[in-house]
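Here's the structure we're looking at; comments come further down.
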2 protein chains.
Amino acid sequence: MENSLEYRLRAAGERLTPQRRLIAGILQEQEGHLSADEIYLLARRQHSSLSLATVYRTLRRLKESGMVRELRLSSDRYYYEIERGRAHQHIVCLSCGKVIEFTCAHCSEVYNELAVQHGFQITSARVKLLGYCADCQAHVHHET
Amino acid sequence: MENSLEYRLRAAGERLTPQRRLIAGILQEQEGHLSADEIYLLARRQHSSLSLATVYRTLRRLKESGMVRELRLSSDRYYYEIERGRAHQHIVCLSCGKVIEFTCAHCSEVYNELAVQHGFQITSARVKLLGYCADCQAHVHHET
DNA sequence: TTATATGCAAACAATTTGCATCCTG
DNA sequence: CAGGATGCAAATTGTTTGCATATAA
């Protein structure tokens with residue numbers, strides 16, 4: 001199919017290697033969001049000679065081919081998620097790092113208005129809500 | 001006044017040094033958004049022995065005291081802006097880096113709903129729209 | 001066969017930190 | 001005067017790159 005790894009790589013004139021298959025597979029399975037290092041550690045379990053450099057290079061390719069979305073969920077590193085077509089944004093817990101996805105139905109209208117207003121051609125919108133999840137709010141109360 | 005540099009630093013039990021005054025002043029004057037390095041270069045014109053480390057340390061303090069907001073406008077560094085109380089978000093031109101501020105009237109309602117829905121206590125919202133400004137769209141047309 | 005991908009180690013760049021010294025309060 | 005702040009240089013850390021070798025097509 002058109003959004004398969006094979007198809008995407010072929011379309012870009014790139015090769016389908018075991019490493020790429022593995023990394024893409026890990027991202028497919030995980031519902032969540034992984035850092036390069038987390039992907040590296042998971043992948044090493046099946047391909048022990050894999051290098052972190054290859055993980056980074058693969059992620060860049062997958063990002064460029066539109067298969068993967070790169071997120072700045074925390075301030076110190078990137079996280080990666082498979083592009084599944086359903087536009088969504090993220091809520092991040094500042095305490096435990098939990099990430100929740102949400103979709104904002106009316107947001108795109110707002111963005112379109114803004115685009116027209118400022119003469120911008122908007123290609124993507126990144127929304128990140130920061131706060132504390134239910135669990136962490138409870139813990140804070142106990143600690144104090 | 002309550003949002004002055006002096007007041008804020010006093011309240012946090014910290015000192016008012018020439019370096020801090022200078023850096024805060026630069027951020028006040030600039031309507032835009034500056035990276036640590038840009039602030040450093042500007043500040044050196046008036047205080048030639050200033051170190052980049054002090055710029056970073058000062059920015060961290062100003063951020064912690066709520067005077068300064070740290071933004072990830074581009075992927076490779078932070079930008080800093082003085083907190084002026086008016087909530088706003090940013091549109092960034094992927095080609096020339098131009099930044100436009102906008103306010104989203106109804107967004108906070110949406111965020112509040114989401115907060116309730118997921119049991120989150122939201123402390124801040126970051127919205128970044130990426131695209132191409134009017135000028136850069138025009139240039140692309142000429143080049144192609 | 002041949003250009004692309006990999007693994008390794010070294011390089012990078014933004015940011016942080018250790019420490020001796022300085023200076024605000 | 002004392003503890004926080006500074007300047008300098010070195011350290012850190014996520015990410016990238018050079019290069020020789022391996023491999024997909």
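All of these numbers come straight from a predicted model, not from anything done at the bench. In the text below, chain A, chain B and the rest are named by the order of the sequence lines, each starting its count at 1.
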Quiz item: Are A:H118 and A:E113 close enough that a side-chain donor and a side-chain acceptor fall under 3.5 Å?
Solution: no
Practice problem: Inspect cysteines B:C104 and B:C107 and report if their side-chain SG atoms are under 2.5 angstrom from one another. | Solution: yes
Exercise. Check for a donor-acceptor pair, side chain of A:R57 on one end and backbone N or O of A:R60 on the other, with a separation under 3.5 Å.
Key: no
Quiz item: Between A:E14 and A:R20, is a side-chain contact (heavy atoms from CB on, under 4.5 Å) present by the stated rule, with each step listed?
Solution: CA-CA 11 Å; A:E14 282 156 16; A:R20 289 176 177 186; 3.6 Å; yes
Practice problem: Please list, by residue number, the residues of residues 72-83 of chain B whose heavy atoms come closer than 4.0 Å to an atom of DNA chain D; answer none if no residue qualifies. | Solution: none
Exercise. Report the residue (B:E14 or B:R44) whose heavy-atom-nearest nucleotide on DNA chain D is the more 5′ of the two.
Key: B:E14
Practice problem: Please report the shortest heavy-atom distance between A:L129 and B:A125, naming the atom on each side. | Solution: CD2-CB, 3.4 Å
Quiz prompt | Stretch residues 48-69 of chain B: residues that reach within less than 4.0 Å of DNA chain D through a heavy atom | solution = B:S49, B:L50, B:S51, B:A53, B:T54, B:R57, B:R61
Quiz item: Atom CG of A:L71 to atom C1' of D:dG14: distance rounded to whole Å?
Solution: 16 Å
Quiz item: Of all nucleotides in DNA chain C with an atom under 4.0 Å from a non-hydrogen atom of chain B, which is the first and which the last going 5' to 3'?
Solution: C:dA14 to C:dG25
Exercise. Using distance alone, with no hydrogens and no angle criterion, decide if A:E70 and A:Y80 have a side-chain donor and acceptor under 3.5 Å apart.
Key: yes
Quiz prompt | Atom pair distance, as rounded to whole Å: CZ in B:R15 and P in D:dT6 | solution = 10 Å
Exercise. Verify whether one side chain among B:D37 and B:S35 offers a donor that lies under 3.5 Å from an acceptor in the other.
Key: no
Quiz item: Is any NZ, NE, NH1 or NH2 atom of the basic residue among A:D135 and A:K98 found under 4.0 Å from an Asp or Glu carboxylate oxygen of the other?
Solution: yes
Self-check item: Passing option when A:H90 is tested against A:E81, A:R126, A:K128 for side-chain hydrogen bond (donor to acceptor under 3.5 Å, both in side chains)
Solution: A:E81
Exercise. Tell me whether the guanidinium CZ or amine NZ of A:R72 lies under 6.0 angstrom from the six-membered ring centre of A:Y78 and within 45° of its axis.
Key: yes
Quiz item: Roughly how many Å is it from CG in A:D37 to P in D:dT13, rounded to a whole number?
Solution: 12 Å
